[in-house]
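Data first, discussion second: the structure below is written as structure tokens.
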Amino acid sequence: MGNFSAVVIDFETTGLSPNLGDRAIEVGAVLVQGTQIVDRFQSLMNPGMKISSFIEDYTGITNKMLIKAPPVKEVMKTLVKFIQQHHLVAHNASFDSKFLDAEFSRINHVRRNEFACSMLSSRRIYQDAPNHKLETLVRYKKLQTDGTYHRALADAEMTAYLWLRMISDIKSKYGLKQVSFPMMQQLCRVPKGKLEGFMIKFCS
DNA sequence: TGCCAGGCCCTCTTTAGGGCCTT
């Protein structure tokens, strides 16, 4: 009751910067409704270039796997249909949003969906965590995981469970009946020292 | 030409520097 839907998304890529020619090689996305994951999408993508041994080691995705994968553009067309008009969530959203926008621009699609960032939210909600890497937060909050990291669908699922846990923790800590997407989005920008005041504004 | 990520956020700050996060 009072829960919004959102698509939680994660990319594996050839590197850190689409501006320097990096491309997406895998996308994972899950649709969250209420307190559950209700749909999933995952695909490898052939970026038309070789990936480095660093990326092969980091992700477990190999050049051999990508040769057989559909081209990025083809997968992006399917992704557009999956995310529809839903709000978007990612862990360090500035990273995933820039790759999403770069790959969408190659199919002449403009994203209108708003993003929220689970990393920025977690820095405010879980100030006592050892750090705010996804892997650390999954252990810190004992979230559901099969132990796979740095693969798109696994990371998207863990980010979704983190997202749902943050909403649940905010509700119980501040006595809120519901938490909206705009509130979570604004939370990403609240100075840490002003968190209490921000929450009080949303009470009752 | 030759460089090469970039936004957030803290602090020994704002005429800046550096760690955190993502691959």
Side-chain angles (χ1 to χ4, degrees), chain A residues 6-30 42-66 69 72 75-76 79 83 88-106 111 113-141 143 145 148-163 165-166 184-198:
Chain A
V7 166
V8 184
I9 191 164
D10 184 78
F11 281 106
E12 305 306 313
T13 69
T14 64
L16 291 172
S17 176
N19 288 338
L20 297 181
D22 287 316
R23 300 293 306 275
I25 59 171
E26 187 183 38
V27 61
V30 299
Q42 179 275 337
S43 183
L44 290 172
M45 297 173 272
N46 188 339
M49 60 194 276
K50 284 227 168 188
I51 61 170
S52 66
S53 57
F54 171 82
I55 295 297
E56 284 191 325
D57 293 342
Y58 187 79
T59 62
I61 298 167
T62 63
N63 280 296
K64 194 175 174 184
M65 293 161 71
L66 293 179
V72 186
V75 177
M76 286 302 113
L79 182 63
I83 68 177
L88 297 173
V89 176
H91 200 68
N92 197 6
S94 71
F95 176 85
D96 293 284
S97 63
K98 71 185 176 185
F99 273 97
L100 182 64
D101 292 350
E103 297 299 356
F104 272 2
S105 77
R106 290 171 181 265
R111 169 179 63 89
N113 317 59
E114 299 260 346
F115 258 101
C117 178
S118 59
M119 184 195 73
L120 294 178
S121 304
S122 72
R123 283 180 177 168
R124 287 151 179 84
I125 302 302
Y126 303 135
Q127 295 187 24
D128 293 336
N131 60 56
H132 298 85
K133 293 177 183 175
L134 181 59
E135 187 170 349
T136 302
L137 292 166
V138 165
R139 278 197 294 267
Y140 180 70
K141 298 306 292 184
L143 302 175
T145 175
T148 304
Y149 291 96
H150 308 306
R151 286 299 300 265
L153 186 59
D155 285 3
E157 287 189 6
M158 290 184 292
T159 301
Y161 290 127
L162 172 63
W163 181 252
R165 182 60 177 273
M166 285 195 289
M184 291 298 285
Q185 221 179 8
Q186 287 174 51
L187 179 63
C188 298
R189 310 269 174 228
V190 176
K192 280 182 189 173
K194 297 190 174 176
L195 193 58
E196 290 292 326
F198 173 79

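- Whole-Å rounding puts the A:E12 CD to B:dT22 P distance at 11 Å.
- Looking at A:N131 and A:T136, their side chains do bring a donor and an acceptor atom within 3.5 Å of each other.
- A:D57 comes within 4.0 angstrom of no nucleic acid atom, judged by non-hydrogen atoms across all strands.
- Using a 4.0 Å cut-off, some side-chain N or O of A:R189 falls inside it from OP1 or OP2 of B:dC8.
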**Request:** Let me see the working for A:I55 and A:I25 under side chain to side chain contact (heavy atoms under 4.5 Å, CB included), right down to the final yes or no.
**Result:** CA-CA 10 Å; A:I55 295 297; A:I25 59 171; 3.9 Å; yes
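- A:H132 pairs by the ring-ring contact (aromatic ring centres under 6.0 Å, His included) definition with nothing, not counting sequence neighbours.
- Within the structure, salt bridge (charged side-chain N to carboxylate O under 4.0 Å, His left out) pairs that include any residue of residues 49-64 of chain A do not occur (at least two apart or interchain).
- When rounded to the nearest whole Å, the span between CZ of A:F99 and P of B:dT22 equals 14 Å.
- A gap of 14 Å separates the C1' atoms of B:dT14 and B:dC9, to the nearest Å.
- Applying a 4.0 Å cut-off to non-hydrogen atoms, the residues of residues 125-136 of chain A that approach DNA chain B are A:N131, A:H132, A:K133, A:L134, listed by residue number.
- Between B:dG19 and B:dT15, the two C1' atoms lie 22 Å apart (nearest whole Å).
- B:dC3 and B:dG7 are spaced 22 Å apart, taking the P atom of each and rounding to whole Å.
- Each of A:H91 and A:R124 was assigned the nucleotide of DNA chain B with the nearest heavy atom; the assignment lying further toward the 5' end belongs to A:R124.
- For residues 92-104 of chain A, every residue pair satisfying the side chain to side chain donor-acceptor pair (under 3.5 Å) rule, not counting sequence neighbours, is listed here: A:R23-A:E103, A:N92-A:S94, A:D101-A:R111.
- Counting to the nearest Å, the C1' atom of B:dT22 and the CD1 atom of A:I55 are 11 Å from each other.
- A:D22 and A:S17 share no donor-acceptor pair across their side chains, judged by distance under 3.5 Å alone.
- If you take CG of A:L120 and P of B:dG19, they are 19 Å apart, rounded to a whole angstrom.
- Within the 4.0 angstrom heavy-atom criterion, only backbone atoms of the sugar-phosphate kind lie near A:D10; the bases stay farther away.
- Separating the CZ atom of A:F54 from the P atom of B:dT22 is a distance of 12 Å, rounded to the nearest angstrom.
- Using a 4.0 Å heavy-atom criterion, one finds that A:C188 contacts the sugar-phosphate atoms exclusively.
- Spacing of C1' atoms, B:dG6 relative to B:dT23, comes out at 13 Å, to the nearest Å.
- Residues meeting the ring-ring contact (aromatic ring centres under 6.0 Å, His included) test with A:Y126, sequence neighbours left out: none.
- The C1' atoms of B:dC12 and B:dG18 are separated by 12 Å, rounded to the nearest whole Å.
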Pick out the pairs of N or O atoms, protein on one side and nucleotides 1-6 of chain B on the other, that lie under 3.5 Å.
from: B:dG6; atom 1: OP1; to: A:N19; atom 2: ND2; distance (Å): 2.9

**Request:** Could you provide the dot-bracket string of DNA chain B, using ( ) for intrastrand pairs, [ ] for crossing pairs and | for bases paired to another strand, with Watson-Crick or G-U pairs below 3.5 Å?
**Result:** ....(((((((....))))))).
Show me the donor-acceptor pairs, under 3.5 Å and distance only, between side chains in residues 186-193 of chain A and residues at least two apart or in other chains.
none

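- Residues passing the side-chain hydrogen bond (donor to acceptor under 3.5 Å, both in side chains) test with A:R165, sequence neighbours excluded: A:D169.
- Partners of A:E157 by side-chain hydrogen bond (donor to acceptor under 3.5 Å, both in side chains), not counting sequence neighbours, listed by chain and number: A:R40.
- One interatomic measurement links the two molecules: CG of A:L137 to C1' of B:dC20, which rounds to 12 Å at whole-angstrom precision.
- Across all strands shown, A:I25 has no heavy atoms under 4.0 Å from either base or sugar-phosphate atoms.
- By the ring-ring contact (aromatic ring centres under 6.0 Å, His included) test, A:F198 is found to be paired with A:F202, residues two or more places apart in sequence or in another chain being considered.
- Contact annotation for A:F11: backbone-only contact, meaning every heavy-atom pair under 4.0 Å involves sugar-phosphate atoms and none involves a base.
- With sequence neighbours excluded, the residues satisfying ring-ring contact (aromatic ring centres under 6.0 Å, His included) with A:F95 are A:F99.
- A:H150 has a side-chain polar atom (N or O) that falls below the 4.0 Å cut-off from OP1 or OP2 of B:dT23.
- Taking CE of A:M166 as the start and OG of A:S118 as the end, the distance is 5.0 Å to the nearest 0.5 Å.
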